There are 2 protein chains.
Amino acid sequence: MLPDRRHQLILRALRADGPTTVVALAEKVGASQATIRRDLAQLEDEGLLKRVYGGAAPVVGEDDPFADVAGVRVEAKDALAAWCANLVRDGETVLLDIGTTAHRVARHLHGRSLTVITSNLAVYEELQDDKDIQLILLGGVVRRDYRSLVGFLTEDNLRQVHADRLFLGTSGVRPDGQVLDTTAVEVPVKRAMIAASTHVVLLADAGKFPGTGMARVCGPEELDVVVTNAPGDEKTCNRLREAGVEVVEV
Amino acid sequence: MLPDRRHQLILRALRADGPTTVVALAEKVGASQATIRRDLAQLEDEGLLKRVYGGAAPVVGEDDPFADVAGVRVEAKDALAAWCANLVRDGETVLLDIGTTAHRVARHLHGRSLTVITSNLAVYEELQDDKDIQLILLGGVVRRDYRSLVGFLTEDNLRQVHADRLFLGTSGVRPDGQVLDTTAVEVPVKRAMIAASTHVVLLADAGKFPGTGMARVCGPEELDVVVTNAPGDEKTCNRLREAGVEVVEV
DNA sequence: CCAAACTCAAGCAAAGTCGCGCATGAATGT
DNA sequence: ACATTCATGCGCGACTTTGCTTGAGTTTGG
C-alpha cells in the first residue's frame, strides 16, 4: 500500500462520509492508527482536511477561486485552463466535463457572455452567481465524492442539447491515442458529451501520458484538439496528429 | 461519535425543529446532558446558536433563507413542513417542487433514508451533504433568482423518473379547486412532476385561498392531499373534498 | 411568596486520544 | 554485502473528553 494511495483513500472517505474517526479510517485503509494520525497531520498541513479530536473532517472550500489569483506564481494547470478559456468566443455554448480540470476552465470564464452546460457541481457553484453566463445543469444522481451528476438522466439530457465546444478531462491517453478514464460510471456520460459537441478539446496535463484508466472513452478520431502542458510522448503526439488532432503545448 | 459530528447534528436539529431542550438533544445524538451543555456553550461562543434556559435556539443569520419572513408565520409554515416530512416513509422516493415551501420540507428530511428528486437548488444545497439521502438533481436552465432548474431538460428528465410522493407548492388555490402559479415557465415542470408521482401533496399555507396566479397548473382531481395551516375557505375545501382530495389542517 | 421541580456549572474519575521515542523491516545507494 | 534512509507499528506518558455527582441557581405553580 503506497502512502499516496492511502491518502487518496482517506480523502475520498472523508468526502463521501463526512467527519470520520481515526479508528474507522485505520480499519478502512488497513493501516495502524499511528500511521493514520501521521497521514492526517500531513494532509492537514497541505490544507486537504481539517483535523478534529478523534478523527478528521473534510474541508469545504478547498478550491478557493481567489487563492491562486493572490498567489504570485500561476499553476501550470491553470495556464492550461486559461489557454482553453481563450479558445472560447463570446456567445458560444460550452460543455464542461466532470472533474477538477474542467472546473479550472470554468474559473477563467467569469464575466464572459456564454452558455455553459455541465454536470460538474463544482462548475455550478463556481458560475452560479455569474449573471453573464447562462448556466444549464444536466440532470442525474448526485455523486458527493466526485462532485458530479451521472446516470441515465444525464445521458438523456445530453441527447437534447448541442454545444460548440467540449472541454474533456481524462485520466490517461494511451500511445495509440485512446482516451481513458478510471471510473466506469462516467464513461457513458463522457461519450454522450462528445456526441453533443462540434469541437472536442481534451485537457491532458502532465502525467496523463500514458496515465491510468481501465475504461476506454474514445479514440483519437473523436478529438479536435489536445491541450497539454508537458512535452508529451513523441509517439503519442505523432499518432494523434496522424488522426487529424491538433496537439497544443502551452 | 466525533464531537464535530455531534455539533453538526445539534445544529441540524435546531434548524429543522427550532428551539430544542437539552434532554431532547441528548437523547437524539446519544450523549449525556452534560456533554450537550458543553457543546452548546462552545457553539454559542462561535455564534452558531443561542442558548436559552433548558435548551438552545437556532440563531437567525444572513444565511437563513427564511430571514425575510416574519417570525410567527415561519413557525406555522415549518409546522406544515414537519407534518409533510412525517408523511414520508423510509425508503420512499420523494419529489420536491421548486420554491421555499418544498425547501422547508427538505429541512425536515435530514438523516432519513430516502431518494429525493428535485429541481430545487435550495433543496440540493440543503441535502447535498446528507449521506443517508440519495439525491437526484433534474437537469435544466439555472434560474438564479428562483434558485431552480426549469426548461425542456427538466421536463425530459421528469418523464424518465417516478416518485412515490410529490410535495407541490403553489401561489394560490381558486374556489373551484384549480391550482395556480404566477410564473408561466414553471407550469410545464409542475405538470410533469404531477405526472411522475403516485401521490400528490399540495402545500397551501395561509394566504393561498384564493391567492394569486395567472397560470393554471392543475385541477383538484390531480391532487391527493392538501395540507394547510389555515382554516381555508369553506367553499374551496368542500369543492376539494368533492373531488376526493383529503384536506388536512395542521 | 414559597416550595417543588428543574437546570446549570464545577469537580472528579474513567475512558479515549494524542504524539513521542524506539524497534522492525524493506528499499535504496555505496 | 553493508550502511543508510524511510515508512510503519507498538508502547508509554500526557492530555482531552465524557459522564456522573453535587450544590447552587432558576423557573413554575399554587
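Protein chains get the first letters and strands the later ones, always in sequence-line order, with residue 1 at the start of each. Because the structure is a prediction, the values reported are computed rather than measured.
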Exercise. Would B:E44 and B:K50 pass as an ion pair if we require N to O under 4.0 Å?
Worked result: no
Problem set entry | Contact residues, residues 28-56 of chain B to DNA chain C [heavy atom, < 4.0 Å] | B:R37, B:R51, B:V52, B:Y53, B:G54, B:G55
Seminar exercise, completed: Judged by nearest nucleotide, the residue sitting upstream toward the 5' end of DNA chain C, A:V22 or B:V22, is B:V22
Seminar exercise, completed: Rounded to whole Å, CG of A:L25 lies from C1' of D:dT8 at a distance of 17 Å
Problem set entry | Distance, rounded to the nearest Å, where A:H7 contributes NE2 and D:dT8 contributes C1' | 12 Å
Exercise. Between the side chains of B:N238 and B:T236, is a donor N or O closer than 3.5 angstrom to an acceptor N or O?
Worked result: no
Exercise. Which value, rounded to the nearest 0.5 Å, describes the distance between A:E125 atom CD and A:N120 atom CG?
Worked result: 9.5 Å
Exercise. Between B:R112 and B:D132, is there a salt bridge with N-O shorter than 4.0 Å?
Worked result: no
Problem set entry | Gap between atom CD of A:E46 and atom CG of A:L48 - 0.5 Å precision | 5.5 Å
For this session: For A:A215, check side-chain contact (heavy atoms from CB on, under 4.5 Å) against everything at least two apart and list the hits.
Result: A:V187
Problem set entry | NZ/NE/NH1/NH2 to OD/OE distance under 4.0 Å, A:D181 and A:K190 | yes
For this session: Salt-bridge test for B:R12 and B:D130: reply yes if a basic N is under 4.0 Å from a carboxylate O, no otherwise.
Result: yes
Exercise. DNA chain D in dot-bracket, Watson-Crick or G-U pairs under 3.5 Å, [ ] crossing, | other strand?
Worked result: ||||||||||||||||||||||||||||||
Exercise. Tell me: CG of B:L2 to C1' of C:dG16, nearest whole Å?
Worked result: 12 Å
